[in-house]
Each structure stands twice: as structure tokens, then as C-alpha cells.
Amino acid sequence: MSAVSDRLPTFPWDKLEPYKKTAAAHPDGIVDLSVGTPVDPVPEPVQKALIDAADSPGYPTVWGTPALRDAITGWVERRLGARGVTHRHVLPVVGSKELVAWLPTQLGLGPGDRVAYPRLAYPTYEVGARLARAEYEAYDDPTELNPEGLKLLWLNSPSNPTGRVLPKEELTRIVAWAREHGVLVFSDECYLELGWEADPVSVLHPDVNGGSHEGIVAVHSLSKRSNLAGYRAAFLAGDPAVLGPLLEIRKHGGMMTPAPTQAAVVAALGDDGHVREQRERYAARRTALRAALERHGFRIEHSEASLYLWATRDESCWDTVAHLAGLGILVAPGDFYGPAGERFVRVALTATDERVRAAAERL
């Protein structure tokens, strides 16, 4: 066991524990803006679908029910503008983090293969490469990478942690470069429905991919858009030549979304109303927190989409974390997402309206 765990970095969130204790000691309690876990209710139609499917004694299928695949293909075409999406183009997964962590292994990558991801990025991209014993590297512009041995290219737009959105033209250029060099592209688009000052575009849009899904897969999650982080509900859409083998591997591994969750996802993808309501909640919290942080001396960079504000006081991120913990506010240090974030903090919008008001007043 140690041979596997020794490949991994220290779990970053453990480093926050002392600061969490400081923030929790505030007389009015902690305002936790660190992890980014949803706090608002699961939409009632989704809860009802889960309850109605609770009597599910048999094993679910890894590929999901036909109704689930219909819901995913319909949403991908309606919301992302994709064309020609069939059941062969989609695959449910047990939350997106599981997929990110185990994808290089499931793709058969290993020593000598390379995985690349943005300079500031979700740490699990690197963890996935480490688990597979593959090499890994961060990039500013992926088209400047050496394509030799590069087997997996992660894109992330809107970005976690920065909220940066890749313009359609940039996505088109990257996809063309990857295809030219035979590099598989996985685009993490889990925050796509949370654009504020930009309109995020999927790699599945025909303006980006020329009407072909060859060599590209998009990753989507219902954790943020529908408050379903506790349900572990996500899916892939893209190249059937990639998803077909992944389906076979995941069948052998028993990586199946529970049947009640599958039913809940069908309901969630068929209802756009709850997404608009949730966006309105986040938009109001974002406005309040951004104004309060800027009055307090912070500068906000990027943050045109996603559930976070990427903020700096031009000091060590840990000094900022300590300062805010003293006000009872817990945030994530930027260096969790790479050395380039060492002078930033990530501030999540995922707190109740009451807690966000409390943070704004303290700031």
C-alpha cells in the first residue's frame, strides 16, 4: 500500500486545519469559503426522482439507463450546441473527481507517457498522473508543449481556481494542434454554466471542433449546477473511440453510478429552472464578496466565471489565509493549485446568504 501512497503529495486540505480552528474561534462563528462545497438545497424535483427510485435492489449498469443516456445527449446538444451526439458519445461517471484521478490509469498510461494540465489547476490532474506513474507537467500555452510522448492534455475552462475562460478561438486553436499531433484532449467543463463576465464554450461545440468529436472528451458534473455534490453525479461526452474502451474498463471495475442517482440526474438535466435560480444565488453572493474584498484591499484577477474569486493582497497566500482566519473567514491558499498561485487565495461563493453577509461585514 505504501508504494502507492508514497507517489502522492500531502493532501493539501490537511494544511488548513490550524487556520480552520482559528476561524472557528470567532465569536460569530466561522465563514467557510475554502472548499467550495454546495450548501443550498437539492432541487425538489431531483429529490423526488431520487426517492421514487429508492427501491432499486438490482445492480445498476455502468453505462446507465437509456433514460439517463437520453438525458445526457439531449442536454449536451441543447446546452452545449453539440451535434450528432448518440448514446455511444456519452458515459456516466461516479463524480468527476474519481474520473480525473483514475483516467490516466484507465487509459493505460505509465512511465514515459506525459500528462499536461494548466499552470494553475485542480491538483487531482497531477494526482492522476502520479497514480499511473506517468510524467506530468504544467503549461501556460499547451501548443508550446513538446508533443513527443504527450498522451493526455487537460483543459479547464472555466478554470478552477482562477475562473478564467478560454475564448472560442483559443479552444479551436488548441484542439487543432492536439489533433495534428495525436494528443488526446480532456476538457474539464464542470463550471461551464457559471459564466458571469464571459460566456464559456465547450470543446464539443462545432465552431471549436469542426463538427467532429475525434480526439476530444468533455467532463461535466452536476455537483455545482444542481447542488448534487453528495450524489456523485457526472458524465463524459465526446469521442466514442475513447469512451467505448473506458466503458469496458469501468464495467470490469464496477464503477457504476447508483440507480437512484441515475434517476436524479435525469430529472436534473431536464430542468433548467433550478439552474437559473442557483445562478442568481451565486451571482448575489459574488457581488457582495467581491465588493467587500476590494474595499478590504484585495485585487481580484480573472474570476469571470466559476464559483470562486481569485484574490490577492500581493503577499504570501498563507499570510492572507492567516489574516482572514483572524476575522473568522477561511479561504483556500493559492499554492494548493500550483506555485504560480503563491500570492493568491481562492474565495468560494458556496456559503449561505447569512454567512456571506457576515463575511462582508467583517471585511
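Quantities reported herein were computed from a predicted structural model and do not represent experimental measurements.
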What's the verdict on side chain to side chain donor-acceptor pair (under 3.5 Å) for T143 and R173, showing C-alpha distance, side-chain angles and the deciding distance?
-> CA-CA 8 Å; T143 66; R173 178 178 63 85; 2.8 Å; yes
So, H252 side chain and I249 main chain: donor-acceptor pair closer than 3.5 Å or not?
-> no
In L120, V345, I300, the residue satisfying side chain to side chain contact (heavy atoms under 4.5 Å, CB included) with W310 is L120
Report the C-alpha distance between W196 and Y282 in whole Å, list the side-chain angles of each, state the deciding distance to 0.1 Å, and finish with yes or no for ring-ring contact (aromatic ring centres under 6.0 Å, His included).
-> CA-CA 10 Å; W196 311 114; Y282 285 137; 7.3 Å; no
Step by step, would you call H274 with S226 a side chain to side chain donor-acceptor pair (under 3.5 Å)?
-> CA-CA 7 Å; H274 77 270; S226 301; 2.8 Å; yes
What class does the angle between the rings of F336 and W13 fall in, given that below 30° is parallel, 30 to 60° is tilted and above 60° is perpendicular?
-> perpendicular
Would you mind telling me which of L324, L16, V31 makes a side chain to side chain contact (heavy atoms under 4.5 Å, CB included) with L330?
-> L16
If we only count heavy atoms from C-beta on, is the E98 to V93 side-chain gap below 4.5 Å?
-> yes
Would you say T73 and T86 make side-chain contact, with heavy atoms under 4.5 Å?
-> no
R285/D40 under salt bridge (charged side-chain N to carboxylate O under 4.0 Å, His left out): CA gap, chis, key distance, verdict = CA-CA 12 Å; R285 294 165 187 167; D40 299 302; 2.8 Å; yes
Would you say R133 has more than 12 foreign heavy atoms packed within less than 6.0 Å of its CZ?
-> no
Smallest heavy-atom separation, A351 atom then V356 atom, equals O-CG2, 3.8 Å
Take atom CD of E294 as the centre, draw a 6.0 Å sphere, and report whether it contains more than 12 heavy atoms from other residues, nucleotides or ligands.
-> yes
Side-chain donor-acceptor contact under 3.5 Å, Y337 with N160 = no
Output, in order, the C-alpha distance, side-chain angles, deciding distance and verdict of side chain to side chain donor-acceptor pair (under 3.5 Å) for Q262 and T257.
-> CA-CA 6 Å; Q262 293 190 28; T257 304; 5.1 Å; no
Quick one: sort the Y136 and Y117 rings into parallel, tilted or perpendicular, breaks at 30° and 60°.
-> parallel
Does any non-hydrogen side-chain atom of W63 lie less than 4.5 Å from one of R250?
-> no
When R164 is tested against each of E170, E304, E301 for salt bridge (charged side-chain N to carboxylate O under 4.0 Å, His left out), which residue passes?
-> E170
Any chance you could lay out the side chain to side chain donor-acceptor pair (under 3.5 Å) test for T320 and E315, step after step, and finish with the verdict?
-> CA-CA 7 Å; T320 305; E315 64 183 6; 2.7 Å; yes
Would one find more than 12 heavy atoms of other residues, nucleotides or ligands at under 6.0 Å from atom CD of E148?
-> no
Considering residues, nucleotides and ligands other than E137, do more than 12 of their heavy atoms fall under 6.0 Å from its CD?
-> yes
Classify the angle between the aromatic ring planes of F298 and H296 as parallel (below 30°), tilted (30 to 60°) or perpendicular (above 60°).
-> parallel
Using atom types as modelled and distance alone, determine if a side-chain donor or acceptor of R88 lies under 3.5 Å from a backbone N or O of A241.
-> no
Any side-chain heavy-atom pair from R225 and L222 closer than 4.5 angstrom?
-> yes
Y191/Y308 aromatic ring centres below 6.0 Å | yes
Take R78 and D272, measure what salt bridge (charged side-chain N to carboxylate O under 4.0 Å, His left out) needs, and give me the verdict at the end.
-> CA-CA 11 Å; R78 183 180 78 251; D272 294 333; 3.2 Å; yes
Path from F186 to V100 over hydrophobic side-chain contacts below 4.5 Å = yes
Counting only heavy atoms not in D55, do more than 12 sit closer than 6.0 Å to its CG atom?
-> no
Indicate whether the side chain of R119 and that of Y139 have a donor and an acceptor atom separated by less than 3.5 Å.
-> no
Would you find a donor on one side and an acceptor on the other, under 3.5 Å apart, between the side chain of R281 and the backbone of R276?
-> no
Do side-chain atoms of W102 reach the backbone of A132 as a donor and acceptor pair under 3.5 angstrom?
-> no
